[in-house]
Amino acid sequence: MYGLGNMVPRLLNFFLFPIHTLFFHPEEYGVFTKLMSVVALLNIVYTFGMETAYFRFATKPDADEKKVFNVAQTVVVSISTLFSLSFILFASSFANLLDVPHHESYLVWLSLIMFIDNVVSIPFARLRLQKKAVAFALFRISNVVILTGLNLYFLYVIFDPQIGISYIFIANLIANAFYLIFFFKTLTSWRPAYDRQIFSSMIRYAYPVMLTGLAGMTNEFFSRLALENWLPKNFYPGKSSAYALGVFGACYKFSVLMNLAVQAFRMAGEPFFFSQSSDRNSPQLFAKVNHYFVIMCCVILLGVSINLDVLKFLIQSPEYWEGLNIVPPLLLGYLFLGVYYNYSVWFKLTDKTYYGTIITIGGAISTMVFNMILIPIAGYYGSSLATTLVYFSMMMACYYFGQKYYPIPYKIFSDSLYIIATMIVIYLVNEINMESLYLSVGFHAVVILSFLSLVYLIESKEFFKSEAT
């Protein structure tokens, strides 16, 4: 149910982007991409790590959950009010700072959206703590269903080009406002509270979580912010950097197909790893799980990358298609990120979580460096390569330290062979141009089935042998 509450909204959001790219020119969509990247970073500051702190302190022996909730909610509401009011009052200055002059209204909408998002973050955390999975999923999914309906209404029924992309922000604000109705009882029963001991302890615990979250979000979104500033003028003849950002942001959406699989697996995987940690054979089991995870991701990588000639029609405006070459490296990057999550089990089981912080911050620094080097050379393709290199570096660093403190016999050679073979097949297949789309789809289906058959032949003997054992 928690998976549904997180995955279904992401999937529905994925299916909104073809509509957005139909109605909005790449330059306009570029503004949206940039602002949503800023929002993703600011949301980390707004919550200030209080969700994790709430879980930690509300579950302590003899903890007063209500008091902990009130303190956590007070911190988040205070920070959210301060930031959102500042952004609204000084919207013109911030619009100029973000290089979106004359769009102060965008910042006002987004400030209100972030305020509501974060005011309900601790109530959502409480639902998880209380194991109210159905309510959690229902609220999340209802929000996105309302958001989808509003997008369809605004864009297909009452669309006014003068309002333009503001429709997306307004739809988000209205949909988020329903959270206030969903959590009306919780929010009205909350009382601002300050307990010096609890407050100080929670802040000390929360701020490293916030810093790690900022570093992680930098890995995710910095490339979109850097592209507009570091792309050389006229790199794409006759097209602005905002145009390039719009193309990049739209094509980046296809990486969601891998990211969804990674996140869904992570939700199931983390509890599994912890539950199996006491078993003396757990290292071998973890290695086997990661091996099949890599195979699954290779199938997704292959299936999406060789079918972009079909998937591109999800973007109904052809001017976005020029950026589709960024998709394979982005998918590969998210595959590496998924393997990193699997490798990270070692520092979670040995209570050396500070290694996760160090690796994530290192990844954030690498993100900046690789983008600074590659964007002037290869444009948005360079930015996608930066994502791949960063997640590969994080994965290898996690593996290196993990083998020192919690050795796990991962199948590095065979896993690497699968990934390399998949990328070679993708390159070779994409070099074959077929005029008939139907012939192309049939050929790609044969390639995927052949790949699956080969995997079956290679893996079946070992798999069934282990099942029998």
Side-chain angles (χ1 to χ4, degrees), residues 3 7 216 219 255 257-304 329-353 355-356 359-360 362-363 387-423 425 451-452 454-469:
M7 296 301 116
N219 296 339
S255 66
L257 296 170
M258 180 70 81
N259 199 18
L260 280 173
V262 169
Q263 296 300 331
F265 181 86
R266 187 184 181 191
M267 285 191 168
E270 285 190 340
F272 172 79
F273 290 142
F274 281 107
S275 67
Q276 297 293 323
S277 61
S278 58
D279 192 314
R280 64 186 180 88
N281 293 320
S282 61
Q284 288 75 22
L285 180 61
F286 295 165
K288 189 178 296 182
V289 167
N290 184 70
H291 180 64
Y292 292 123
F293 171 79
V294 169
I295 293 173
M296 177 194 75
C297 287
C298 283
V299 173
I300 295 171
L301 174 61
L302 177 66
V304 175
L330 287 174
L331 293 170
L332 180 61
Y334 279 110
L335 186 158
F336 290 146
L337 179 62
V339 176
Y340 164 77
Y341 288 144
N342 287 341
Y343 286 172
S344 69
V345 67
W346 76 265
F347 62 67
K348 295 171 183 174
L349 296 180
T350 58
D351 293 329
K352 296 182 185 293
T353 51
Y355 272 95
I359 293 170
T360 306
T387 299
T388 307
L389 291 170
V390 167
Y391 288 140
F392 176 78
S393 302
M394 290 173 62
M395 177 187 72
M396 293 309 297
C398 193
Y399 173 78
Y400 172 76
F401 289 114
Q403 293 306 101
K404 289 179 65 176
Y405 297 105
Y406 193 91
I408 295 175
Y410 291 113
K411 299 182 178 182
I412 299 299
F413 181 73
S414 58
D415 291 350
S416 300
L417 276 183
Y418 271 118
I419 295 170
I420 293 168
T422 302
M423 292 305 294
V425 172
F451 184 86
L452 290 171
L454 186 60
V455 169
Y456 178 80
L457 289 173
I458 295 171
E459 298 294 331
S460 59
K461 185 176 180 181
E462 180 65 26
F463 181 80
F464 289 116
K465 179 182 175 182
S466 63
E467 284 293 297
T469 305

- Task: Using modelled atom types only, decide if a donor and an acceptor are shared between the side chain of W346 and the backbone of I408 within a distance under 3.5 Å.
- Result: no
All heavy atoms of M296 vs all of A261, minimum pair found to be CE-CB, 4.3 Å
(request) Evaluate the side-chain proximity of V262 to F336: yes if any heavy-atom separation is below 4.5 Å, no if none is. (result) no
Rounded to the nearest 0.5 Å, the OG1 atom of T387 sits from the CG atom of L331 at a distance of 11.0 Å
- side-chain contact (heavy atoms from CB on, under 4.5 Å) evaluation trace for S282 with Y406: CA-CA 11 Å; S282 61; Y406 193 91; 3.6 Å; yes
OG1 (T422) and CG (L417) are apart, to the nearest 0.5 Å, by 10.0 Å
Across all chains, not counting sequence neighbours, the ring-ring contact (aromatic ring centres under 6.0 Å, His included) partners of Y343 are Y399, Y410
Nearest heavy-atom approach of Y292 to E459 is CE2-OE1, 3.9 Å
> Does V339 reach the side chain of Y391, with side-chain heavy atoms less than 4.5 Å apart?
Replying inline: no
In terms of heavy-atom contacts, L332 and L301 come closest through N-CD1, 3.9 Å
d(N290 CG, C297 SG) to nearest 0.5 Å is 9.0 Å
One should read off an interatomic distance between I295 CD1 and F451 CZ, to the nearest 0.5 angstrom, of 8.0 Å
All heavy atoms of S255 vs all of Y334, minimum pair found to be OG-CE1, 3.4 Å
For L335 and C298 the tightest heavy-atom approach is CD1-N, 4.0 Å
Nearest heavy-atom contact between Q284 and R280 is OE1-O, 4.1 Å
Just so I know, are the side chains of P283 and P409 near enough to count as touching, which here means a heavy-atom distance under 4.5 Å? yes
Sequence neighbours excluded, the answer for side chain to side chain donor-acceptor pair (under 3.5 Å) partners of Y405 is Y355
- Side chains of F265 and N342: closer than 4.5 Å at any heavy-atom pair? yes
Output for pair (T388 OG1, L337 CG), nearest 0.5 Å, gives 11.0 Å
Here the gap from T360 atom OG1 to M394 atom CE, rounded to the nearest 0.5 Å, amounts to 4.5 Å
| V299 versus Y418: any side-chain heavy-atom pair under 4.5 Å? | no
